[in-house]
Each structure stands twice: as C-alpha cells, then as structure tokens.
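Written below as structure tokens is the structure these notes are about.
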Amino acid sequence: MAANPGNKIRNAKLVLLGDVGTGKSSLVLRFVKGQFVEFQESTIGAAFFSQTLAVNDETVKFEIWDTAGQERYHSLAPMYYRGAAAAIVVYDITNAASFTRAKKWVQELQAQGNPNTIMALAGNKADMVEARQVPAEEAKTYAQENGLFFMETSAKTAINVNDVFHEIAKRLLQGQQAQDTPAGMVLNQRPAERMVSSSSCCS
Ligand SMILES: Nc1nc2c(ncn2[C@@H]2O[C@H](COP(=O)(O)OP(=O)(O)OP(=O)(O)O)[C@@H](O)[C@H]2O)c(=O)[nH]1
C-alpha cells in the first residue's frame with residue numbers, strides 16, 4: 001500500500017551479519033534492486049544500501065550495512081551493529097557450520113549490541129531443500145528461545161525476502177509507538193515514498 005504524502009519517514013540502521021557465502025549481499029540485492037546473481041562477489045569490508053518501505057501510512061527508510069562474512073573482517077563488525085535498530089543474522093540452510101556461526105553472532109549482539117535491536121534470523125537458500133543440513137524446526141526453536149523472529153528465505157527465488165524487511169519495519173514502528181525515542185531511529189517529516197530510493201557504495 002502506498003503511503004500518504006507528508007507522512008513520517010523513520011530512518012532505521014539495519015545490519016546483516018553471518019558467515020561467508022550465506023547470501024547476505026544477495027538478500028540485500030534482492031530487496032533493494034529485485035535482482036539475483038549466481039556469482040555474487042564476496043563483500044570486502046562492508047557495503048551500504050538504502051531502501052524505503054511503506055507500512056500502512058508510515059515509511060521506514062532502511063540504512064543497510066551489508067557486512068563481509070570473512071573472518072578477517074570480524075573486528076569491523078561492531079562499527080556496523082552499534083546503534084543498529086535491527087539486525088538480520090543470516091545462515092545457509094545447506095551449511096550446518098553457518099548456523100553455528102549465526103548463533104555466535106546472536107551471542108555477540110546480545111552481549112555487545114543494543115538490547116532494543118530487533119533481531120531476525122534468516123535461513124537463506126531455502127530453494128535448495130534437497131541439500132538441507134539445518135532443520136527449520138531447530139532454527140525456529142532456537143529463534144524463539146533467543147528473542148529473534150525466524151524466516152527461511154531465498155534470495156534466488158525471492159521467497160520471504162521482502163517479508164523479513166517488512167516484519168522488521170512493522171516491529172520498528174510498533175516499538176516507536178511504545179517508546180518515545182528508540183535507539184537507532186530518527187524521525188523526519190518528508191514526502192512519502194514506497195521502495196523508491198536505493199543506493200550503494202563502499203563494496
Ligand atoms: N541457490 C541459492 N544461492 C544463493 C542464494 N543466496 C545467495 N546465493 C549464492 O551464494 C553465493 C554467496 O552469496 P553472497 O550474497 O555473496 O553471500 P554473502 O553472505 O554476502 O558472502 P560474503 O560477502 O562473502 O560474506 C553466491 O554465489 C550467490 O549467488 C539463495 O537464496 N539460493
């Protein structure tokens with residue numbers, strides 16, 4: 001649904017974390033540009049994107065940091081998750097080690113991050129069920145026990161990709177109503193847009 005002109009735009013910093021090759025960049029590319037590439041290059045450092053999403057008559061402008069999964073960039077991660085309103089921790093359903101890594105990211109966020117950060121767990125590559133190593137039920141239980149919401153996604157087929165961002169936007173807006181100044185969000189008064197702006201840099 002398109003937002004009304006003159007509605008509020010809420011800026012929200014969002015970070016993607018997860019093991020190398022789990023599909024973080026691919027999820028962002030799918031969400032921001034509606035595209036998928038089979039041979040997505042590994043991220044160096046981090047890449048920045050922005051995308052707006054309308055929920056009812058309100059608009060969230062996501063400022064997205066897509067971090068590099070390679071271990072050598074681990075020490076940079078706090079720069080990106082600090083002050084984030086939301087985090088998507090990504091694993092690959094065909095790679096059990098990436099689920100173990102995802103749990104470590106959750107632990108780190110819980111220990112170092114902002115307690116108000118909305119956390120999503122995305123089991124990506126859901127189109128590859130024949131190679132599944134992580135049962136959906138196991139991830140769902142883990143997410144419930146740790147205060148995350150969980151979805152299996154596919155950047156390739158687009159299944160649940162917009163839904164993850166939409167659910168985050170909804171929760172951010174609900175949180176906004178409950179709290180006057182939630183961390184990581186800035187309130188602006190600007191004309192409404194629906195998924196209209198996108199940009200990237202720094203990859
Ligand atoms: N089949 C399938 N392949 C995917 C999916 N998402 C990503 N890939 C592929 O997985 C590989 C890695 O994807 P990336 O998006 O680069 O993964 P990343 O997590 O950003 O990797 P780093 O930047 O190295 O941390 C690429 O070859 C993608 O085409 C998916 O949903 N399904």
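Only this structure's heavy atoms are used, side chains among them; waters, hydrogens and symmetry mates stay out. As the structure lists them, so they are numbered: ligands from 1, and atoms in each ligand from 1.
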Quiz item: Within the structure, does Asp66 bring an N/O atom to less than 3.5 angstrom of an N/O atom in ligand 1?
Solution: no
Exercise. Considering non-hydrogen atoms only, spot the tightest contact between Gln51 and Val32 and give its length.
Key: NE2-O, 3.1 Å
Self-check item: Carboxylate-amine/guanidinium contact Asp92 Lys125, below 4.0 Å
Solution: yes
Exercise. Please report which non-hydrogen protein atom sits nearest to atom 17 (O) of ligand 1, along with the residue it belongs to and the distance in Å to one decimal place.
Key: Gly23 N, 3.0 Å
Quiz prompt | Region of Glu38 that comes within reach of ligand 1 [heavy atoms, distance under 4.0 Å] | solution = backbone
Exercise. Starting from atom 21 (O) of ligand 1, find the nearest protein heavy-atom neighbour and note its residue, name and distance.
Key: Gly21 N, 3.0 Å
Quiz prompt | Ala155-ligand 1 polar pair, N/O distance under 3.5 Å | solution = yes
Quiz item: Has ligand 1 got any nitrogen or oxygen that is less than 3.5 angstrom from a nitrogen or oxygen of Phe39?
Solution: no
Quiz item: Would you say Glu41 has more than 12 foreign heavy atoms packed within less than 6.0 Å of its CD?
Solution: no
Quiz item: For residues Thr22 and Asn124, is any side-chain donor paired with an opposing acceptor at under 3.5 Å?
Solution: no
Quiz item: Are the charged groups of Arg171 and Glu167 less than 4.0 angstrom apart, N to O?
Solution: yes
Quiz prompt | Minimum-distance protein heavy atom relative to atom 24 (O) of ligand 1 | solution = Ser42 OG, 2.5 Å
Quiz item: For ligand 1, which atoms, with element, lie under 4.0 Å from some heavy atom of Val37?
Solution: 28 (C), 29 (O)
Quiz item: So which protein heavy atom does atom 32 (N) of ligand 1 come closest to, and at what separation?
Solution: Asp127 OD1, 2.7 Å
Quiz item: Can Ser154 and Asp127 be counted as having a side-chain donor-acceptor contact under 3.5 angstrom?
Solution: yes
Self-check item: Thr153 touching ligand 1 at heavy-atom level, < 4.0 angstrom
Solution: no
Quiz item: So which heavy atom in the protein is nearest atom 10 (O) of ligand 1, and how far is it from that ligand atom?
Solution: Lys125 NZ, 3.1 Å
Self-check item: Thr43 to Ser25 - nearest heavy-atom pair and separation
Solution: OG1-OG, 2.8 Å
Validation: residues 138-152 side-chain donor-acceptor distances under 3.5 Å, sequence neighbours left out:
unit_1	atom_1	unit_2	atom_2	d
Thr141	OG1	Glu137	O	2.9
Asn146	ND2	Tyr142	O	2.9
Glu152	OE1	Arg132	NH2	2.9
Glu152	OE2	Arg132	NH1	2.7

Quiz item: Between Met128 and ligand 1, is there a nitrogen or oxygen pair with a distance under 3.5 Å?
Solution: no
Practice problem: Could you tell me whether Leu27 approaches ligand 1 through its side chain, its backbone, both or neither, with non-hydrogen atoms closer than 4.0 Å? | Solution: neither
Exercise. Check Thr43 against ligand 1 and report side chain, backbone, both or neither, counting heavy atoms closer than 4.0 Å.
Key: both
Quiz item: Based purely on interatomic distance, does Gln70 place a nitrogen or oxygen under 3.5 Å from a nitrogen or oxygen of ligand 1?
Solution: no
Quiz item: Hey, is Gly18 one of the residues with a heavy atom under 4.0 angstrom from ligand 1?
Solution: no
Quiz prompt | Protein heavy atom at shortest distance from atom 6 (N) of ligand 1 | solution = Asn124 ND2, 3.1 Å
